[in-house]
Amino acid sequence: MNILGISAHYHDSAAALVVDGVPLCAVQEERLSRHKGDASFPLLAIESCLENAGVEPGELDAVVFYERPMLKFDRVLTCALRAFPQSWRAFPKAMKNLLGEKVWMRGIISSHLDVPGRKVLFTEHHQAHAATAFLTAPTRRAAIMTADAVGEWATLSVGDGERWSNGPIKIRRFREIRFPHSLGMLYSTFTAYLGFKVNEDEYKVMGLAAYGKPTLVEQVRKLIRRTPDGAFALDLDYFEFHTTAERSYSSRFVKLFGPPRNPYEPIDLDSAEGQRFADCAASVQRVLEDTVVELARALQRETGLTDLCLGGGVALNGVANARLLAESGFERIFVPPAPGDAGCAIGAALYCDRIHFGNPDRDLPDHPFWGPSVDGSELTRLAREDGHLAEEFQDGKLIDQVADDLAAHRIVGWMEGALEFGPRALGHRSILAAPHTTDMRDRLNREIKYREPFRPFAPVVAVEAAARYFDIPPGGIRLARFMSGVFPVRPEWRSRLQAITHVDGTARLQVLEPAMAPRLHALLGAYERRTGIPVLLNTSFNLAGEPIVNRAVEGYSTFLRCKIDVLVAGGTRVIKRTSLMEKTEVDRIREEVA
Ligand SMILES: [Fe+2]
């Protein structure tokens, strides 16, 4: 049975193809169209999935859209009428948007793919989030919590799931919290207030939070109060997102927190103003964490279960996830590599397969690599056409050569196998570098990522050595599989892992098991033989404002436009001639480590 899942028209569209109960491919539209956060109908992603699997549109048994357009329409209309007359300006825009595309989704899908309308099905948005979280996790019984900005009406849901090997599946929803009361909207409002891009830069708020103190928690709590039924409600006097698309916070909000940050001015953390913004970030982060921890603790008591599956954009908050693991009472927490809306493409298709068609449960591969594969020979051809030195290596030799590059403080663009699905580079489209010095962090920020200096870089560590360098609680290894948790770097290693240690002593680490990305794991081993430490800095392979690279040609173009020294795709290695650094630096690090 061939089922195509689609997520589109909010941000970060995606498609996924499930064949006989197992995902064969999944990819975000932005990775193919090269428009960051591409929200358009994901025609390229659909084409890529079908082509990859050799499936014709006529062979699809169902196409599933990740939300119910009429319910969303109902929400926009109801909110606009409730907020009238303040909403009069936003209303026509919202209607045009919905009437233009979303409400007629069945017809749009049917005509784009030439499949009969009866084959076009819908899941609810949070059902798709729950399915992504639960059905892709290696657990048979778990509580499920999903939280985001908003789907149709729901903004947070709690429930549980149960599946029997090759048998039936149950996913239940106990309760939901509805728009406009939303943790995601609360966080996004601060994202906007702090001068960042909503729905895109929420992780910058989390990064900035580490520089602040939660001195404004009492003020943030005025915005969100707990209700007697254990849920929460926003005080809407502080917000405007529910009445207008122009601004998410009200003048009362500004009175409480002070003037918003001008997005065009850099944050000066040494100034009182910069510190106020960092304190705001730390305070909303703390309140978000406290709220999800309390909700999860109640869910744990209610279900008595040990496993929790988390879905929705809020599950990208690694600091909150680590606190959930420590304080909610759940022993294991599963966050899929794509917990946000793009991931709903897989969730919607799986939900349809298991629940709508009642197909039996299948154990799924536990990795994030569902996209198109990279072709090393394409890199060889491109580089040689331009007169660059492109060498093709056998596997072991390549690993040794790249480990030498990294130990010599060269920055490596690393492309390998199938593209990651989800926002994070987990070892197939990564920029890798030595993690030891702040010089390297600053070099990457300045010359490659062109980003704010307060943003931390993430490490990848071989699983067998993770506990030596990081203070990982029980269950933390799982959370770190897809970089979903933030944990302390052990104090004795911080001075030797400066580039990946955040200002508060933590890191958003990826713990790598050999089976998930064998070549990267081998590279960590080879790097350890040279420097004593099987840890590398691992950041997504893209420049600021661009999506993560997909094909060899995009990696190559990025390599040419920034100061990456070495580019690897498959077995091909290309080096910039200017990158031959002195060996003395390597010797210094070796001495330090020894
Ligand atoms: Fe969502």
Side-chain angles (χ1 to χ4, degrees), residues 5-16 26 28-30 37-42 45 64-76 79 97-98 101-102 105 122-136 144-159 171 173 175-189 191 197-203 241-242 248 288 291-292 295 309-317 320-321 334-352 421-424 484:
I6 295 176
S7 146
H9 291 158
Y10 189 46
H11 51 87
D12 206 8
S13 296
Q28 288 139 274
E29 186 72 358
E30 63 160 29
D38 195 339
S40 56
F41 189 77
V64 199
F65 193 65
Y66 80 130
E67 60 185 15
R68 295 188 188 278
M70 284 313 289
L71 274 178
K72 194 160 191 165
F73 179 75
D74 175 55
R75 190 242 308 160
V76 174
C79 290
N97 190 10
L98 269 168
E101 292 262 359
K102 292 179 184 168
M105 194 44 68
F122 299 90
T123 62
E124 278 180 35
H125 187 98
H126 277 253
Q127 273 174 343
H129 275 314
T132 312
F134 176 61
L135 295 176
T136 64
I144 305 172
M145 184 158 90
T146 63
D148 65 0
V150 63
E152 298 96 349
W153 275 104
T155 67
L156 186 144
S157 77
V158 291
I171 296 181
R173 176 168 39 190
R175 294 175 294 285
E176 63 181 30
I177 296 173
R178 298 186 132 211
F179 189 84
H181 306 295
S182 160
L183 277 179
M185 294 305 275
L186 171 74
Y187 210 78
S188 295
T189 299
T191 307
K197 272 194 208 140
V198 168
N199 285 332
E200 213 180 297
D201 287 349
E202 276 68 14
Y203 62 98
F241 63 78
H242 54 299
S248 45
L288 175 103
T291 312
V292 290
L295 289 165
C309 293
L310 278 182
V314 173
L316 287 165
N317 195 308
N321 293 346
F334 297 92
V335 180
D341 284 358
C344 285
I346 282 194
L350 288 174
Y351 190 89
C352 175
F421 185 53
R424 285 169 186 152
S484 308

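All values below come from the heavy atoms of this structure, side chains included, with hydrogens, waters and symmetry mates left out. None of the values given here were measured: they were computed from a predicted structure. Atoms within a ligand are numbered from 1 in the order they appear, just like the ligands themselves.
At least one N, O or S atom of His129 sits under 2.8 Å from the Fe ion (ligand 1). Note on His125: counted as a metal contact of the Fe ion (ligand 1), an N/O/S atom lying under 2.8 Å.
Between the side chain of Glu30 and the backbone N or O of Asp12, no donor-acceptor pair lies under 3.5 Å. Side chain of Thr155 to main chain of Ile177: a donor-acceptor pair is present (N/O by atom type, distance under 3.5 Å, no hydrogens or angles).
The closest approach of Asp341 to the Fe ion (ligand 1), by N/O/S atoms, is made by OD1. Asp148 has its closest N, O or S atom to the Fe ion (ligand 1) at the position named OD2.
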Side chain to side chain contact (heavy atoms under 4.5 Å, CB included) assessment of Tyr187 paired with Val314: CA-CA 9 Å; Tyr187 210 78; Val314 173; over 6 Å; no

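Aromatic ring pairs are classed by plane angle as parallel below 30°, tilted from 30° to 60° and perpendicular above 60°; the pair Phe41 and His9 is tilted.
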